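Reading through the structure tokens given below for one structure.
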Amino acid sequence: MKILVCISNVPDTTSKITFTDNNTAFNTAGIQYIINPYDEIALARAVELAGNGQGTITVIHVGEASADPTIRKALAIGADDAVRIDAPPRDAWFVANQIASYAKTQGFDLILTGRESIDYNGSLVQGYIAELLGIPSVSIAKKLDINGTNATVEREIEGGKEVIQIPLPAVIGTAEGVAEPKIPNMRGIMSARSKPLEVIAAIDVPALSHITHFDTPPARGNVKLVDKDDIAQLVELLHSEAKVI
């Protein structure tokens, strides 16, 4: 089985987020980057599926050379080789087109992504890739099993679970529960240094959107303490200030 895992390079969840150029660009100064956590789940499941010589894993990332340490970590976790499309990840449509352009000639049986990236939370790339390749896709997968030429996917729906069987090749967007993220061991870290990382040029993709500006959440206001027995004051504050009733 040939598996392609798509990874994003995202700010660590503890990072302080600020913007530059009149709030039109993300401020990368002092930011520590990590593999997108949902993509790390996808990679962990790929390692399980490809274990004991059952398959090969390629990781792909759309980004610049600054993301190479993140890609090397994916190789240390268990990917066999990596591809970096040498271009800034402009938006989900651009990223999906780059990945689909590479994948369409490689004969992958399974393409895995995270359910979303934790920086933009768009949940768009997985569906775009599948549409561009003309293959099935399932998002927010909580469980994934491969049976011959079919994938069985379990996903949560309101009030229960849904189990879907789809033919391969397919694109699956993974969520918590599919696998436990793996920590690279020393052997993996050492071997990652010599594993292939191919850098290829991006294809031209017309821009369909652009970001005009970013806004940060408003600062938290002062906290008002209300006596637990003063229900009338609490109701008044919820009505006149919080405006929730």
Side-chain angles (χ1 to χ4, degrees), residues 1-15 26 28 30-51 55-92 94-108 110-120 122 124-126 128-129 171-174 178-203 205:
M1 175 184 291
K2 290 185 64 176
I3 304 173
L4 179 67
V5 180
C6 311
I7 63 172
S8 298
N9 188 42
V10 300
D12 186 275
T13 53
T14 61
S15 299
F26 175 62
T28 61
I31 297 294
Q32 179 73 33
Y33 284 88
I34 60 172
I35 301 174
N36 179 51
Y38 292 115
D39 300 340
E40 204 163 2
I41 292 170
L43 178 58
R45 186 59 181 134
V47 171
E48 293 171 353
L49 292 171
T56 60
I57 304 168
T58 298
V59 292
I60 187 169
H61 171 71
V62 180
E64 297 173 295
S66 57
D68 284 355
T70 296
I71 300 172
R72 289 291 176 191
K73 181 181 178 182
L75 291 169
I77 289 171
D80 297 288
D81 60 351
V83 173
R84 178 170 61 81
I85 311 296
D86 192 21
R90 190 175 66 210
D91 56 27
F94 179 84
V95 169
N97 270 271
Q98 304 304 323
I99 295 171
S101 176
Y102 171 77
K104 68 183 179 182
T105 62
Q106 301 300 314
F108 290 107
L110 180 64
I111 300 176
L112 298 178
T113 74
R115 62 178 289 179
E116 62 187 1
S117 63
I118 62 169
D119 49 1
Y120 287 100
L124 297 173
V125 170
Q126 167 250 325
Y128 285 162
I129 294 171
V171 186
I172 310 294
T174 62
V178 168
E180 287 296 321
K182 299 183 182 299
I183 299 173
N185 55 32
M186 184 56 65
R187 181 180 178 183
I189 293 170
M190 297 300 291
S191 65
R193 298 177 181 177
S194 59
K195 288 182 178 179
L197 197 175
E198 181 183 6
V199 179
I200 62 178
I203 63 170
V205 178

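Owing to the predicted nature of the structure, the values given are computational and were not obtained by experimental measurement.
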Quick one: pull up [atom1] in [X] and [atom2] in [Y] and give me the separation to the nearest 0.5 Å.
X	Y	atom1	atom2	result
I118	D12	CD1	CG	7.5 Å
Q32	T14	CD	OG1	8.5 Å
I71	I7	CD1	CD1	5.5 Å
Q106	L4	CD	CG	9.0 Å
S191	R72	OG	CZ	10.0 Å
L75	L43	CG	CG	9.0 Å

Which heavy atom in [X] sits nearest to a heavy atom in [Y], and how many Å separate them?
X	Y	answer
E40	I77	OE2-CD1, 3.8 Å
S117	S8	CB-OG, 4.3 Å
P196	D80	CD-O, 3.7 Å
A100	I129	CB-O, 4.5 Å
A65	P69	O-CD, 4.2 Å
D86	R84	OD1-NH1, 2.9 Å

Is it the case that the side chain of [X] and the backbone of [Y] share a donor-acceptor pair, with hydrogens and angles ignored and the cut-off at 3.5 Å?
X	Y	result
K2	G107	no
Q98	I203	yes
T174	T113	yes

Q | Heavy-atom side-chain proximity of L112 to C6 below 4.5 angstrom | A | no

Q. Which residues pass the side chain to side chain donor-acceptor pair (under 3.5 Å) test with N185, sequence neighbours left out?
A.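 Once residues adjacent in sequence are excluded, N185 has no partner under the side chain to side chain donor-acceptor pair (under 3.5 Å) criterion.
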
Q.
As a test of understanding, state which of T70, N36, D39 forms a side chain to side chain donor-acceptor pair (under 3.5 Å) with N9.
A.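 That would be T70.
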
Q) Using 30° and 60° as the class limits, which term best fits the ring planes of Y33 and F26: parallel, tilted or perpendicular? A) perpendicular

**Q.** Over 12 non-hydrogen atoms of neighbours within 6.0 angstrom of CE in M190
**A.**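 For M190, atom CE is not crowded (no more than 12 foreign heavy atoms under 6.0 Å).
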
